[in-house]
There are 2 protein chains.
Amino acid sequence: MTASPQDWAVGALQALAHDTRLSVFRMLVQAGADGLMAGEIAQKLSVPPSTLSHHLANLERAGLATSERESRVIRYRADFGGMRRLLAFLMEDCCQGDPLVCADILEITACRP
Amino acid sequence: MTASPQDWAVGALQALAHDTRLSVFRMLVQAGADGLMAGEIAQKLSVPPSTLSHHLANLERAGLATSERESRVIRYRADFGGMRRLLAFLMEDCCQGDPLVCADILEITACRP
DNA sequence: TCCATAATTCGAGAAATATCGAAATATAAG
DNA sequence: CTTATATTTCGATATTTCTCGAATTATGGA
């Protein structure tokens, strides 16, 4: 049942390769540790609850989000471990160690110490 | 005709979200500036030329690869600019500036100065 | 010019994904 | 125990994507 790294990565990319799911994932990334409630997301994106539920389940299955029930609502968070795993897989053994080709690819505007 | 950043990102992710295309892209990333010939890729992956051609066109359309004819063969290369653009989009305004949540996400094994 | 090679485009059936209303489940409150 | 709320699961249709043989285009050499 344990998927190969490649198969896992395809699943993760497939999860992100959809307009609604990509919006959801980025909302979760930007929300950080607090995450967001399912209903809150559905409302902000104007997506019917049942449709959104499929998308959230897809992201979770793919290892890019986690869910936790809090009484009646369910809180979703981005899974930063999964995100890291995906980026690392894409850049693995990059450009034969020549930093000139891709050095600045990681100079990203994401949060830094 | 100019796609929004979100639409562009969905296209890029869709391109990567396929077993064969992900393999091709990673081969190109690892090949670096030299790139690879279309036929060479088809042979290594045991994919019929016409099928591979669709996948290569898909990656190029998505902004993740470039092609250049050299007499009778066509050389494909990873587009590291597109790659960077995609990663930056995914991590934009990440986790409300709190480095604790995702700081190490960029500590990736890719080539570094 | 004629042939061989490398790669792309065409085309159409097969397979996978997306959508969302209706029904079901889980929790809390009265 | 009944009702209200939040979310998920079911199910059936609609849409999109994938695949690869055959035909086509581009290039170089005899």
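Chain A is the first sequence line, chain B the second, and so forth, proteins listed ahead of strands; every chain is numbered from 1.
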**Fill in**
Between B:Trp8 and B:Ala3, the two heavy atoms sitting closest are N-CB, 4.2 Å
**Message:** Can a donor-acceptor pair be found, under 3.5 Å and without considering hydrogens, that links the side chain of A:Arg26 to the backbone of B:Phe89?
**Reply:** yes
**Asked** Less than 4.5 Å apart, any side-chain heavy atom of A:Thr20 and any of A:Thr51?
**Response** no
**Whichever of A:Asn58 and A:Glu70 has its nearest DNA chain C nucleotide further upstream toward 5'** = A:Asn58
**Item:** Distance in angstrom units between B:Glu68 CD and C:dA6 P, rounded
**Value:** 19 Å
**Asked** Using a heavy-atom cut-off of 4.0 Å to chain A, what are the terminal contacting nucleotides of DNA chain D, in 5' to 3' order?
**Response** D:dA4 to D:dG11
**Request:** Give the minimum heavy-atom separation between A:Ala62 and A:Gly11, together with the two atoms involved.
**Result:** CB-O, 3.8 Å
**Asked** Between atom CG in A:Leu52 and atom C1' in C:dT19, what is the gap in whole Å?
**Response** 13 Å
**Qualifying residue for side chain to side chain contact (heavy atoms under 4.5 Å, CB included) with B:Tyr76, from B:Leu59, B:Leu56, B:Thr66** = B:Leu56
**Residue pair A:Ala38 / A:Leu52: nearest heavy atoms and the distance that separates them** = O-CD2, 3.3 Å
**Asked** Do you know the tightest heavy-atom contact between A:Ser23 and B:Gln6?
**Response** OG-NE2, 3.2 Å
**Message:** Each nucleotide in nucleotides 20-27 of chain C should get exactly one letter: B, S or -. Can you fill that in based on protein heavy atoms under 4.0 Å?
**Reply:** BBB----B
**Fill in**
Taken to the nearest whole Å, CG/B:Leu36 to C1'/C:dA6 is 16 Å
**Message:** Closer than 3.5 angstrom, by distance alone: can the side chain of A:Arg77 be matched with the main-chain N or O of A:Ala33 as a donor-acceptor pair?
**Reply:** yes
**Nucleotide C:dA7, atom C1' - distance to CD1 of B:Ile74 in whole Å** = 5 Å
**Request:** For B:Arg69 and B:Ile74, work out which heavy atoms get closest and say how close.
**Result:** NH2-CD1, 3.9 Å
**Prompt:** Any chain of hydrophobic side-chain contacts (each under 4.5 Å) joining A:Val73 to A:Leu45?
**Reply:** no
**Prompt:** Quick one, which residues of residues 13-22 of chain A touch DNA chain D with a heavy atom under 4.0 Å?
**Reply:** none
**Prompt:** With no hydrogens and no angle check, is any side-chain donor or acceptor of A:Arg21 less than 3.5 Å from a backbone partner on A:His55?
**Reply:** no
